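In listed order, ligands and their atoms are each counted from 1. Keep in mind the model is a prediction, meaning the values are calculated, not measured.
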Amino acid sequence: MGLTLSQKIIKNHLLEGEMVAGNEIGLRIDQTLTQDATGTMAYLEFEAMGVPRVKTERSVAYIDHNTLQAGFENADDHRFIQSIAKKYGVYFSRPGNGICHQVHLERFGKPGKTLIGSDSHTPTGGGIGMLAFGAGGVDVAVAMGGGTYYITMPKMVKVNLTGKLSDWVSAKDVILEVLRIMSVKGGVGKIIEYAGEGVKTLTVPERATITNMGAELGATTSIFPSDEITKAFLKAQGREQDWIELSADTDAQYDECIDIDLSALRPAAAMPHSPDNVKAVEDIGQIKVDQVCIGSCTNSSYLDLMKVAKILKGKTVAENVSLSISPGSKQVYNMMAKNGALADIINAGGRILECACGPCIGMGFSPNSSGISLRTFNRNFEGRSGTADGQVYLVSPETAAASALTGVLTDPRTLGDSIKIDMPESFEINDNLIIEPASVEEAANVEVLRGPNIKEFPLADALPANIAAKATLKVGDNITTDHIMPAGAKILPYRSNIPYMSQFCFGVCDKTFPERAKAEGASIIIGGSNYGQGSSREHAALVPLYLGVKAVVVKSFARIHRANLVNAGILPLTFVNEDDYEKISQGDALCIPDIRELVKSSDEAVIKNETTGEDIKVKLELSQRQRDILLAGGLLNYTRETAK
Ligand code: MIC
Ligand code: SF4
């Protein structure tokens with residue numbers, strides 16, 4: 001039987017387990033990336049492991065998320081990451097060089113290789129045929145140390161693309177269509193492979209937009225074949241030697257198949273507050289817009305921004321709209337500065353921000369009260385923009401630019417003749433903002449520079465015999481990590497200060513939670529389905545751990561967050577019968593007897609609701625490795641124990 005594209009890469013990197021969907025497998029990781037908001041923690045964890053130098057083929061530390069420097073915290077964290085990267089063999093991409101996923105695609109990614117990154121949009125690398133996963137910081141730390149990365153062997157989904165995108169319809173509209181079909185939890189436990197004749201009509205940046213937003217499907221990752229188009233892209237990046245051809249076997253077996261006719265797609269938008277709340281722009285109608293933000297790792301490539309510049313050229317942004325543009329990388333920024341496209345954007349009234357995540361992670365450009373913001377980004381979760389009642393719509397760069405000019409949500413097809421931007425034959429290559437690590441000899445003399453913002457991070461205790469705790473919080477479906485541990489300009493500078501961050505835990509849902517949880521000492525959280533969707537931030541596990549959370553009981557989990565809970569030493573439990581969610585109310589006193597024994601080998605446990613007298617069955621869906629990690633009190637304790 002033939003193999004799918006990702007099965008081929010998995011087979012080449014398989015260290016443990018069998019390639020059977022649902023089994024835990026261990027993979028060898030070739031490359032890692034970190035960004036600053038998760039990086040401080042990842043490098044502290046790496047340091048705690050005591051490995052003298054990274055063992056990967058290439059590890060890169062990017063500074064792109066928190067570049068505002070509103071206080072010393074930020075600058076201290078950057079300095080810490082720069083110095084520790086130098087010492088331990090990690091390449092350092094300076095602030096100003098661009099967003100990790102865009103730069104990694106341009107300068108480091110290689111077809112057929114494995115990559116994990118402490119950021120959920122690492123699957124962007126799938127645009128050039130890499131098998132790239134988002135992961136928690138501690139998983140990245142382990143991989144940097146040469147350790148195995150574990151995932152559940154996913155099911156295979158084929159998205160068969162036919163036809164060709166019509167004028168003014170864009171890669172963003174393709175992934176919004178996939179989201180409309182599959183929903184934000186439809187990709188959990190699956191790899192999405194793009195195939196079919198339509199693939200040949202898509203450039204690498206377009207493919208990368210699509211694999212990037214596979215994160216919003218909850219997918220383990222997404223991938224395109226590596227073909228002549230990939231080769232041309234790598235050649236234009238001066239990296240033709242990194243190209244290999246890769247595709248699925250013709251007789252590969254898929255668990256699911258989705259057909260999309262590219263020719264039939266229309267410009268689309270994901271409406272508030274979920275990336276799968278998708279409708280055609282023309283069906284939503286001409287709602288008035290307050291703000292337009294163009295950029296993010298999804299849509300900030302040269303191709304995207306050149307289209308925007310062409311639409312804006314010689315025009316003026318509508319007076320009710322504030323337009324921000326964040327180029328994805330220095331390469332993009334520079335090329336547009338040189339060819340005059342940047343001037344067209346500036347003249348039209350676009351407000352140019354640095355090449356970083358910026359408004360995507362709430363670092364400025366929060367919309368006005370109940371303001372409507374059109375964004376080319378990938379997430380429109382409630383509150384993420386920094387304005388609690390902000391209404392964020394996710395759209396293509398074409399729709400964003402057209403709407404910025406008219407001041408209302410505008411179908412770009414109304415702009416008339418289409419615009420055509422050719423992929424450059426060669427990109428401008430200058431890696432002067434990437435600092436190489438110290439040599440093995442020099443490394444001993446490199447001092448790691450720490451500021452007072454770096455506080456100790458919490459470690460769980462070994463799992464106790466029984467857990468007795470109140471359900472201090474009950475939440476609904478699709479809770480994101482932005483609900484659990486918000487980001488944004490006020491909180492992001494404190495990513496290495498868990499005690500400080502804890503004041504904001506679950507702030508979007510219930511501002512009283514941190515105080516109540518602390519007062520109780522021990523807590524259990526109750527949630528609905530797809531709990532923990534969104535980012536890879538392990539802070540969404542470490543902060544609850546700090547506040548005394550012992551277990552999270554839900555209908556279902558998102559992949560990365562579930563792994564982060566196990567790594568932190570918090571029990572992830574799922575209801576055997578989803579209706580039992582109703583049998584626990586916030587404030588109920590719960591007890592999980594014999595949990596230590598059950599975690600050792602059982603697949604089920606019983607929660608005793610002491611307030612109502614009811615018993616509730618929950619599943620322990622754990623591999624033996626995860627059981628051992630939980631018994632030890634988290635991955636770091638486990639690693640220390642097994643190293644003894
Ligand atoms: C995001 O888009 O939510 C982030 C910010 O990039 C996160 C990482 C983080 O929280 O630092 C992600 O996607 O993993
Ligand atoms: Fe940065 Fe936004 Fe991409 Fe996250 S989704 S990496 S915040 S640009």
### Query
Touching ligand 1 at all, R384? Heavy atoms, strictly under 4.0 Å?
yes
### Query
What do you reckon, does R379 put a non-hydrogen atom under 4.0 Å from ligand 1?
yes
#### Entry: ligand 1 to H65 polar contact by distance, N or O atoms, under 3.5 Å
yes
### Query
Does an N or O from D482, backbone or side chain, lie closer than 3.5 Å to an N or O of ligand 1?
no
Looking only at protein heavy atoms, identify the closest one to [atom] and say how far it is in Å.
atom: atom 13 (O) of ligand 1; value: S120 OG, 2.6 Å
atom: atom 7 (C) of ligand 1; value: S535 CB, 3.2 Å
atom: atom 10 (O) of ligand 1; value: R537 NE, 2.6 Å
atom: atom 4 (Fe) of ligand 2; value: H65 NE2, 3.7 Å
atom: atom 2 (Fe) of ligand 2; value: C360 SG, 2.3 Å
atom: atom 1 (Fe) of ligand 2; value: C357 SG, 2.3 Å
atom: atom 8 (C) of ligand 1; value: Q35 NE2, 3.2 Å

#### Entry: Check: L305 and I325 side chains under 4.5 Å, non-hydrogen atoms
yes
### Task
Could you tell me whether atom 1 (Fe) of ligand 2 has an N, O or S atom of C100 under 2.8 Å away?
no
Numbering the atoms of ligand 1 from 1, which are under 4.0 Å from a heavy atom of [X]?
X: T38; value: 9 (C), 11 (O)
X: S536; value: 12 (C), 14 (O)
X: R495; value: 9 (C), 10 (O), 11 (O)
X: D119; value: 4 (C), 6 (O), 7 (C), 8 (C), 12 (C), 13 (O), 14 (O)
X: A37; value: 11 (O)
X: I361; value: 5 (C)

### Task
If the plane angle is over 60° it's perpendicular, under 30° parallel, otherwise tilted; pick one for H561 and Y531.
tilted
Check ligand 2 against [X] and write out every atom of the ligand that is under 4.0 Å from a heavy-atom position of the residue.
X: N378; result: 5 (S)
X: H121; result: 5 (S)
X: C297; result: 3 (Fe), 5 (S), 6 (S), 8 (S)
X: D119; result: 6 (S)
X: I361; result: 7 (S)

### Message
Tell me if the aromatic rings of Y546 and F457 count as close, with their centers under 6.0 Å from one another.
### Response
no
### Pair Y43 + F80: ring centers closer than 6.0 Å
no
### Message
Can a side-chain donor-acceptor contact be found between T40 and D77 if the only test is distance below 3.5 angstrom?
### Response
no
What is the distance from atom [atom1] of [X] to atom [atom2] of [Y], rounded to the nearest 0.5 Å?
X: C100; Y: D119; atom1: SG; atom2: CG; value: 5.0 Å
X: T209; Y: I175; atom1: OG1; atom2: CD1; value: 9.5 Å
X: H121; Y: M213; atom1: NE2; atom2: CE; value: 7.0 Å
X: C293; Y: F365; atom1: SG; atom2: CZ; value: 6.0 Å
X: I116; Y: Q31; atom1: CD1; atom2: CD; value: 11.5 Å
X: L44; Y: I454; atom1: CG; atom2: CD1; value: 5.5 Å

### contact_flag H101 ligand 2 heavy-atom lt 4.0 Å
yes
### Task
Kindly confirm or rule out a cation-pi arrangement of R375 over Y393, judged by NZ or CZ under 6.0 Å from the six-membered ring centre and within 45° of its axis?
no
### Message
Check D36 with R495, please: is the shortest side-chain N to carboxylate O separation under 4.0 Å?
### Response
no
### Message
What I want to find out is whether E47 reaches R450 closely enough, with some N-O distance under 4.0 Å, to be called a salt bridge.
### Response
yes
